[in-house]
Amino acid sequence: VGLDEHNIKIRVKVDGTRSGVKLVIYDAHKKIGETDLQGEATLPYEAAMVIRVATREPLPGSPDADKLLLRAVLSLPARS
């Protein structure tokens, strides 16, 4: 969504326009942020990083699973 001298602003969408879902954001297994209720977060960005987000949703009526795991990964190069 945005980029400035030291930060990157990202937006995570789940099912397109659904809001009100907070997601924890990780870089190398370390929590670096959490989205707000609009799915946006501002993160420090200096070096190369791999950002991961995940959420679980109930899966009613499925004989095989009780939840669906949704994941997204964003790889960013080092800043120049």
Side-chain angles (χ1 to χ4, degrees):
V1 175
L3 182 64
D4 68 23
E5 190 174 331
H6 300 286
N7 299 299
I8 185 167
K9 185 174 184 178
I10 64 168
R11 180 180 301 132
V12 180
K13 291 187 172 188
V14 178
D15 289 340
T17 58
R18 186 175 62 170
S19 63
V21 176
K22 284 190 169 188
L23 300 174
V24 177
I25 303 164
Y26 293 92
D27 177 28
H29 304 290
K30 178 180 130 190
K31 179 180 174 180
I32 59 170
E34 187 175 279
T35 63
D36 60 18
L37 294 178
Q38 287 72 42
E40 295 183 354
T42 300
L43 308 171
Y45 177 32
E46 296 294 332
M49 55 195 294
V50 177
I51 300 170
R52 297 180 300 115
V53 296
T55 187
R56 295 175 197 254
E57 293 189 349
L59 204 55
S62 172
D64 299 319
D66 58 347
K67 293 190 180 182
L68 176 65
L69 175 63
L70 302 171
R71 294 185 199 182
V73 176
L74 175 64
S75 299
L76 301 167
R79 302 270 314 243
S80 53

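Sequential numbering from 1 along the given sequence is applied to the chain's residues.
- Nearest heavy-atom pair across Asn7 and Asp4 is N-OD1, 2.8 Å.
- Hydrophobic clustering (side-chain heavy atoms under 4.5 Å, transitive across Ile, Leu, Val, Met, Phe, Trp, Tyr) groups Val12 together with Leu3.
- The side-chain hydrogen bond (donor to acceptor under 3.5 Å, both in side chains) analysis of residues 40-51, with sequence neighbours excluded, yields the pairs His6-Glu46, Lys9-Glu40, Arg11-Glu40.
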Name each donor-acceptor pair under 3.5 Å that joins a side chain in residues 67-75 to protein atoms two or more places apart or in another chain, with its distance.
none

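- Counting non-hydrogen atoms of other residues, nucleotides and ligands closer than 6.0 Å to CZ of Arg79 gives a total above 12.
- Each of Thr35, Leu76, Val1, Leu43 was checked for a side chain to side chain contact (heavy atoms under 4.5 Å, CB included) with Ile10, and the lone residue meeting it is Leu43.
- Residue Asp36 comes nearest to Gln38 through the heavy atom pair OD1-N, 2.9 Å, listed as atom of the first residue, atom of the second, then distance.
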